[in-house]
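The model shown is predicted, which means the values in this text are computed figures rather than measured ones. So that the names make sense, note that chain A is the first sequence line, chain B the second, and so on, each numbered from 1. Note: hydrogens, waters and symmetry copies are ignored here, and every other heavy atom, side chains too, is used.
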Protein chains: 2
Amino acid sequence: MSKLVIEQPDGSNRDLASAERRSAILHATLELLAARGLHQTKIADIVRESGASIGSIYHHFGSREGVFYALYIETFELCFAELRTAVLPSTTAREGIRGLADTYLRWVEQHPARATFIYDVSQGDILRSFLPEIAAFKGAFYTEIFAWMQPFIAAGEIIALPPWAYDAIMMGPAHEFARRWLGGQRELPMAAAREIIADSIWRAMQPATS
Amino acid sequence: MSKLVIEQPDGSNRDLASAERRSAILHATLELLAARGLHQTKIADIVRESGASIGSIYHHFGSREGVFYALYIETFELCFAELRTAVLPSTTAREGIRGLADTYLRWVEQHPARATFIYDVSQGDILRSFLPEIAAFKGAFYTEIFAWMQPFIAAGEIIALPPWAYDAIMMGPAHEFARRWLGGQRELPMAAAREIIADSIWRAMQPATS
DNA sequence: GCGCTTCTAGAATATTATTCTAGATTACTC
DNA sequence: GAGTAATCTAGAATAATATTCTAGAAGCGC
């Protein structure tokens, strides 16, 4: 890290420190994903865009999948950090529940390349070999959110359901809209969607009155 | 179709009529997808399992993607047919809205291999080149459902929203649950999930009372 | 049967991911 | 600050895989 970065005559960055090289590979991969999608992002493209060699990429990430996995985790960390900040400090159920969907959709709008990538690999066919790690990572996040909800559930402000039901109800509509918006329908009004979806989730989370 | 199928001495089915060969290729592909997933289903595997030659596969489907696209459309047709039957004849809003999620989750439970496949390719990275066709196909279905909803919206029994908002709210939670269930958590109670999710969607579709 | 189209086969080719080996750089120890 | 072990980089060689191509078989209308 403290090592000098020396520009080579041919313009490539041969002497990036290791951590910077690693990060350059991920950055180049994200750019390529945004431009042409997961399927069309080849190792040779990453080599060209990042300035790293094949050997270097395999040293750092083990495989093409490994590059994607690293980017996937990095992306989740970025996204979850924002969601935590939006939800956990909330002192009312309504603010927290609405904030979850609202903040998530804001994040999608600000990071369309990362969000598209997440949806492209999610359900985990390409990253099948990393599925257990991914499930554990997500599970830890939902556990935090669930803990925040407990007092409101106990107080009857949020409907009481089995734990596995909450993420379907709280995140499903936002994911569904985000997929449509990212997948070619960016003309859909995101700001209105945030309102409508946050409202509908809040209604779905109300204890039944009858 | 009227052509005789002659078993060859080597056990392969060299003389399947064309339509049967096409269908044998799709069937073998589905089996392979169920066993090992999209990414690990190779052309060579399909050749081996279906008994067709490489040339034959490319003649019928044009590419590996083309095989998946054909299976994708076939699967959507099967699924949409059931959803139409469940929803369109409903005479109350509650029955139709709940039936959509309920029937969809029953379908997922009965066809896990097809459902997994749909989620693996959806958002359309692998099938990127077929995206317009897929969007049109889905759009036509949602238009039918939307038409069925119109009278109930007009009567104030279902909340009035912009058209693009309905599928996020009505299908999002079911999709989210289905992904979890298919992706390794089959121990989650599907019957209970159908109830809980159908209920929550119904609440989300109620016009706000305040 | 004749000519045309559709279909099948599998070898040849092209594309792409991965491995391997040699050497450069860095970090650590004395 | 020289020695040395670990880490990192490069890119050619290899392996895995998708696709194309050519020759011919089978179906089909006349």
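- Side-chain proximity of A:Tyr58 to D:dT9, C:dT19, D:dA18: nearest is C:dT19.
- Between A:Asp45 atom CG and C:dT18 atom P there is a gap of 14 Å when expressed in whole angstrom units.
- Residue whose closest nucleotide on DNA chain C sits further toward the 5' end, between A:Gly62 and A:Gln40: A:Gln40.
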### Message
Checking B:Phe146 against B:Tyr142 for the ring pair (Phe, Tyr, Trp, His ring centres under 6.0 Å) test, could you report, in this order, the C-alpha distance in whole Å, the side-chain angles of both residues, the deciding distance, and whether it holds?
### Response
CA-CA 6 Å; B:Phe146 190 57; B:Tyr142 282 118; over 10 Å; no
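- Between the CD1 atom of B:Ile126 and the C1' atom of D:dT17 there is a distance of 14 Å, rounded to whole Å.
- In this structure, B:Phe130 and B:Tyr69 have parallel ring planes: the angle between them is below the 30° cut-off, well short of the 60° mark.
- One atom, CZ of B:Arg64, and another, P of D:dT20, lie 14 Å apart when rounded to the nearest Å.
- Going from atom CD1 of B:Ile46 over to atom P of D:dT17 covers 13 Å, rounded to whole Å.
- Using the six-membered ring where Trp is involved, B:Phe152 and B:Trp148 have ring planes that are tilted, between 30° and 60° apart.
- Under the 4.0 Å criterion applied to side-chain N and carboxylate O atoms, B:Asp167 and B:Lys138 are not assigned as salt-bridge partners.
- Rounded to whole Å, the distance from CZ on B:Arg22 to P on C:dT8 is 12 Å.
- Of the listed nucleotides (D:dT7, C:dG10, C:dT8), C:dG10 has the atom at the smallest distance from the side chain of B:Ile54.
- Rounded to an integer number of Å, the gap from A:Ile43 CD1 to D:dA13 P is 20 Å.
- One interatomic measurement links the two molecules: CD of A:Glu20 to C1' of C:dT25, which rounds to 15 Å at whole-angstrom precision.
- Relative orientation of the B:Phe80 and B:Phe137 rings is parallel, given thresholds of 30° and 60° on the angle between their planes.
- Residue B:Arg21 places at least one side-chain N or O under 4.0 Å from the OP1 or OP2 atom of C:dA9.
- Atom CZ of B:Arg36 is separated from atom P of D:dT17 by 10 Å (rounded to the nearest Å).
- Regarding contacts with the backbone of D:dA10, a side-chain N or O of A:Ser53 is found under 4.0 angstrom from either OP1 or OP2.
- Taking the side chain of B:His60 as heavy atoms from C-beta on, and the options D:dA10, C:dC7, C:dG10, the nearest nucleotide is C:dC7.
- Under 4.0 angstrom from either OP1 or OP2 of D:dC8 there lies at least one side-chain N or O belonging to A:His59.
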